[in-house]
Amino acid sequence: MQSVFQQHPEVAERFPDLHPPLTAQSAVIEANRCLYCFDAPCTGACPTHIDVPRFIKKIANENLRGSALTILDANILGASCSHVCPVQVLCEGACVMHHHHEPPIKIALLQRHAMDAFYASGAVLPKTSAERRNGKIACIGAGPASLACAAELRQRGYDVTVFDRHRLPGGLNTYGVAEYKLPTADSLREIELVGSLGVDFQFGTEIAGEAAFANLEKEYDAIFLGVGLGAMHRLRIPGEDHPAVIDALAFIAGYKTAGRLAVGRRVVVVGAGNTAIDAANAAKRLGAEEVQILYRRVETHMPAFGFEYEHAKQEGVRFLWQTQPIAIHADTDGELRSIECLRVELAQDGTPRSIAGSNFHIECDMVVPAIGQSPLFDLLTECYGVRVEHGRVVVDRVTGQTSNPKYFAGGDCVNGGREVVDAVADGKRAAVGIAKVLESAHA
Ligand code: SF4
């Protein structure tokens, strides 16, 4: 898979690793700080319940392969999660070291250390001892939820095919995460590992239309929907069809996977979530002189994590609060010239209200909307009998089964857009649910 992917050579230069890896010596020293807690809160805080003290102990004993296998046993995407997990609010946030007024154990960097060693050594998993089982499963989408589901089912002996409409697999891990957090090549090598288990991948294959799903239902015993979310929300303001208005995910995918490094001189990003921050930082690193994030509420309401906000400020991104864009203007030559905004006041209950007559213009030559993704309504309504509420697929939280017993689902299409590790946990949980159903069907 990696052989078909050629990244623009400047990308690595402009997006160097945000957190350089540990050296062998510093990893052992850090591993030896761990208290190897019984009932470790770090493990409890991980949605995939990686046995943190166990993998750290193995690093301390310089058994890096054993450490990586402990991680992979719980989370087949252990490498990408070590790059992109918001550990400050998960495992590291729960580390008991905080109670001792000590910095938490660097769990993410240790996990990455073990996973890097595993991939550097050839990334071979032990042969599964599971006997071949009757049952074929189709996973729609090749993002983290589907990959986790497929790997788990394959390791249990089932035939699994993953379908994805994109040229490259990995979903947002490949296309949507800032390169300085997770290089595309690292996302792809992880998918090769899933492929090495015997999972069949069909890339560039779109499953769409009721007939396509009906065929799939005939051929497969269960279908897992790991389809993620759809296109980014539009701003719904005049001028947004200008070619210099590029949504955040398209912008990020463009520089990561399609060699599109062009950026405006003055860039305005609309929205203040983590994707908005990734896009704003990318614009800076690609050479924009000025990058501003507009948000209609205040700093304390912004959906991005606090550490992402701090990072953006360090990158030189400016924030403009209580600002509502209302139109995008081009000059007579058709060049994007400014974004027109209104000031916003917050009612006592926090509801933002635009102030009539407070119009002002921000000069810019590129606008990046980043106000969230819409659900894939069309696709989901094609899956007969799968209930969707408020744009999310409704599932049994234990088994991942939908209201149509043949369909299971997980990841962003169920949770509305959370972390990679949540999608992995969902996919694995659904795999266990699917295996249970198939086992009883073939008993
Ligand atoms: Fe080690 Fe901290 Fe986890 Fe305890 S909570 S096992 S000290 S990483």
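Start at 1 and go down the list; that is how both ligands and their atoms are numbered. These numbers come from the heavy atoms of this one structure, side chains and all, not from hydrogens, waters or symmetry mates.
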**Student:** Which word best sums up how the rings of Y309 and F319 line up, parallel for under 30°, tilted for 30 to 60°, or perpendicular for over 60°?
**Tutor:**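 Aromatic pair Y309/F319 classed perpendicular.
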
**Student:** For K181, which of E308, H83, H19 qualifies under side-chain hydrogen bond (donor to acceptor under 3.5 Å, both in side chains)?
**Tutor:**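 The option that passes is E308.
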
**Student:** Looking only at protein heavy atoms, which one is nearest to atom 1 (Fe) of ligand 1, and what is the separation?
**Tutor:**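 Protein heavy atom at minimum distance: C34 SG, 2.3 Å.
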
**Student:** Would you say that L69 contacts P126 through its side chain, given a criterion of any heavy-atom pair below 4.5 Å between the two side chains?
**Tutor:**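 They are in contact (side-chain heavy atoms under 4.5 Å apart), so the answer is yes.
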
**Student:** Angle between ring planes, F163 versus Y220, binned at 30° and 60°: parallel, tilted or perpendicular?
**Tutor:**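 F163 vs Y220 ring planes: perpendicular.
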
**Student:** What residue and atom, counting heavy atoms only, is the protein's closest point to atom 7 (S) of ligand 1, and at what distance?
**Tutor:**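 Going atom by atom, the protein heavy atom closest to atom 7 (S) of ligand 1 ends up being L35 N, 3.5 Å.
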
**Student:** Is the shortest side-chain heavy-atom distance between C139 and V160 below 4.5 Å?
**Tutor:**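 SC-SC contact between C139 and V160 confirmed.
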
**Student:** Is the closest side-chain heavy-atom distance between D39 and P41 below 4.5 Å?
**Tutor:**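 Not in contact.
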
**Student:** Give the contacting part of I107 toward ligand 1: side chain, backbone, both or neither, where contact means a heavy-atom distance below 4.0 Å.
**Tutor:**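 Side chain only.
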
**Student:** Quick one: which ligand 1 atoms are inside 4.0 Å of a heavy atom on V96?
**Tutor:**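 Per the distance check, 2 (Fe), 4 (Fe), 5 (S), 7 (S).
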
**Student:** Who's the nearest protein heavy-atom neighbour of atom 6 (S) of ligand 1, and how far?
**Tutor:**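 Here the nearest protein heavy atom works out to C37 N, 3.4 Å.
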
**Student:** Using a cut-off of strictly less than 2.8 Å, determine whether C95 has an N/O/S atom near atom 2 (Fe) of ligand 1.
**Tutor:**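 Yes, since at least one N, O or S atom of C95 sits under 2.8 Å from atom 2 (Fe) of ligand 1.
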
**Student:** Nearest non-hydrogen contact with atom 3 (Fe) of ligand 1 belongs to which option: P53, A31, C42, A45?
**Tutor:**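 Nearest option to atom 3 (Fe) of ligand 1, by heavy atoms: C42.
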
